[in-house]
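What follows is a single structure, written as structure tokens, with notes after it.
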There are 2 protein chains.
Amino acid sequence: MKKTSPAVSCSNCSVRRLCLPVGLSDGDIERLEQVTRKKKVVRAGETLFRAGDPFDSLYAIRSGSFKSAVIGADGDTQVTHFALPGELLGLDAYSGGMHPGYAEALEESSVCVLPFTQLEGLAQQVPALQKQIYSIFSEELKQENEALLLLGKRSADSRLAALLVNISSRYSRRGYSASDFVLSMQRIDIANYLGLTAETVSRLLSRFQKQELIRVQGRSVTILDPIALSELAGTHCSYES
Amino acid sequence: MKKTSPAVSCSNCSVRRLCLPVGLSDGDIERLEQVTRKKKVVRAGETLFRAGDPFDSLYAIRSGSFKSAVIGADGDTQVTHFALPGELLGLDAYSGGMHPGYAEALEESSVCVLPFTQLEGLAQQVPALQKQIYSIFSEELKQENEALLLLGKRSADSRLAALLVNISSRYSRRGYSASDFVLSMQRIDIANYLGLTAETVSRLLSRFQKQELIRVQGRSVTILDPIALSELAGTHCSYES
DNA sequence: TTCAAACAATGACATGGATCAAACACGCGT
DNA sequence: ACGCGTGTTTGATCCATGTCATTGTTTGAA
């Protein structure tokens, strides 16, 4: 079995139903593959890009996971997003010509590199791809609005419950178990993302376990009572990202 | 040359340097004007669109101001944005085909109605417009990231200071005074936006006044010490102890 | 395997901002 | 101009969550 530099093929990609190819014909997917030839592997803790790096590409996650964060003027950071396979990183860099924040791999991860000028050119010719790009931008905005809702109004336990429900449903959509998964990020990243402290997150996870909502074992989580958890989160129907 | 129902002309619009026409040639602006023919006036307290309304148009603010808000599953709302002239409303509706939140005029306001399918079609032919649309999407994402930073990490006074500085600079960019302006929204909207209560906002405004950072008279604000205010907001470069 | 360093859990205590309550001001319709 | 309702200010109190401190647990390198 020979191992060339691994060929990227959207048609065979396990996340194609969640990624740019959505809604594209086979022919158009072939043209998209011309743009997505380059693939990159990032190891845990390494960054895909840093704040200030020039913008030239978007990155589509094939496997693994990332955290994105922005850095404030006074140096403190805010985790803005946990990204799973099928999601696009770097969209917020277009307008300024450079990345306003960084993306760090939470585990060994693999991404498709999408040179934006090429993608742009192709989108100009393929309306379905154009629509898909708009859709992803818009979806991202909607998600951030929901994140704002979370940070603005909800109590600590509600926030953490919402994150667990959200991650659970995102894994579920990708064909993994909705009830058993690994939180690949540290407690402190979760805390930062939710606007809390690591101690509070830790305490709440313990409490949720005592209340038999979940079972926690290090970074492995089992959802025991998804209904109660959703109610706590304030999102009665488990919505998807 | 008779004045019918007020003609919309991007070339003459006072906010054209901040709006979609940025970077477009005169010829392209003419084509854009074909799309922006419709204008709409919204009175204070009226909504431009509500959560759940079908998405068909974007709205470009010509004058006035709006608040956008999303409504959580349990009914409580989060103000996500205060929008000023030159800004686009409705971008987050594309992916779902409907508006996830509502936009309410804070004062008598006027907007251009941009039917999205037409805009999309034109963008397909005019790369500069395409770029401008991407840019606006991306800019919006970047701003929301900054909002997340604000809500996630900062203390109440820092948040309020940041809002004041932000609004001041946005007015300034539009050619108005950076130091004297009117907060067209209620205290409770500010509070909601910042993840605080109206009481806290009120107290802080009083305190800022006592500290001679600002002068408040109802909804009119005068910035007395922009430097100190920026420092409070954490938007200057300083290292924390 | 052992050790050191990073990560996580838990406890004790402090506090910023929420909540409740009351007085005050302003705008609007009559 | 009057009165009423909505919005705003201010005060008193309380609690959720942050902070600081300690101990326990996992990870990974030698």
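The shown structure was predicted, so the numbers you read here are calculated from the model rather than taken from an experiment. Throughout, protein chains are lettered first and strands after them, A, B, ... in sequence-line order, and every chain is numbered starting at 1.
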Expected list for residues 83-94 of chain B: side-chain donor-acceptor pairs under 3.5 angstrom, two or more places apart:
unit_1: B:E87; atom_1: OE1; unit_2: B:L84; atom_2: N; d: 2.8
unit_1: B:E87; atom_1: OE1; unit_2: B:R170; atom_2: NH2; d: 3.1
unit_1: B:E87; atom_1: OE2; unit_2: B:R170; atom_2: NH2; d: 3.4
unit_1: B:D92; atom_1: OD2; unit_2: A:N145; atom_2: ND2; d: 2.8
unit_1: B:Y94; atom_1: OH; unit_2: B:E120; atom_2: OE2; d: 3.3

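- In the helix from C:dT1-D:dA30 to C:dT30-D:dA1, the rotation axis of the first five pairs and that of the last five pairs differ in direction by 50°, rounded to 10 degrees.
- We find that CG of A:N192 is positioned 14 Å from C1' of D:dG18, with the value rounded to whole Å.
- Residues that satisfy the ring pair (Phe, Tyr, Trp, His ring centres under 6.0 Å) test with B:F66, not counting sequence neighbours, are absent from this structure.
- Side-chain atoms of B:D53 never come within 3.5 Å of backbone atoms of B:H99 as a donor-acceptor pair (strictly under, hydrogens ignored).
- Heavy atoms of A:R159 sit nowhere under 4.0 angstrom from any nucleic acid atom.
- If you check every strand for non-hydrogen atoms under 4.0 Å, A:G195 touches sugar and phosphate atoms only.
- Each salt bridge (Lys or Arg N to Asp or Glu O under 4.0 Å) pair with one or both residues in residues 179-197 of chain A, not counting sequence neighbours, appears once here: A:K67-A:D189.
- Annotation: the span from A:Q78 atom CD to B:E146 atom CD amounts to 12.0 Å, rounded to 0.5 Å.
- Side-chain contact check for A:S155 and A:S158: no donor-acceptor pair (N or O, by modelled atom type) lies under 3.5 Å.
- Residue B:I214 holds its CD1 atom at 11.5 Å from OG of B:S220, rounded to the nearest 0.5 Å.
- Within residues 199-210 of chain B, the residues having any heavy atom closer than 4.0 Å to DNA chain D are, in order of number, B:E199, B:S202, B:R203, B:S206.
- Rounded to an integer number of Å, the gap from CG of A:L151 to P of D:dT17 is 13 Å.
- Summarising the geometry of B:A105 relative to B:R43, their closest heavy-atom pair is CB-O, 3.5 Å, with the distance given to 0.1 Å.
- Under the ring pair (Phe, Tyr, Trp, His ring centres under 6.0 Å) criterion, B:Y59 pairs with B:F49, not counting sequence neighbours.
- With sequence neighbours excluded, the residues forming a salt bridge (Lys or Arg N to Asp or Glu O under 4.0 Å) with B:R207 are B:D157, listed by chain and number.
- As a whole-Å value, the separation of A:R219 CZ from D:dT25 C1' is 12 Å.
- Taking a 4.0 Å limit (strictly below) on heavy-atom distances, residues 180-187 of chain A reaches DNA chain C at A:Q186, A:R187.
- With sequence neighbours left out, the salt bridge (Lys or Arg N to Asp or Glu O under 4.0 Å) criterion links A:E107 to no other residue.
- Residue whose closest nucleotide on DNA chain D sits further toward the 5' end, between A:Q217 and A:A156: A:A156.
- Here A:S138 pairs with nothing under the side chain to side chain donor-acceptor pair (under 3.5 Å) rule; sequence neighbours left out.
- Where DNA chain C meets chain A (any atom under 4.0 Å from a heavy atom), the bounding nucleotides read 5' to 3' are C:dC7 to C:dA12.
- Under the ring pair (Phe, Tyr, Trp, His ring centres under 6.0 Å) criterion, the residue pairs touching residues 182-201 of chain B are B:F82-B:Y193, with sequence neighbours excluded.
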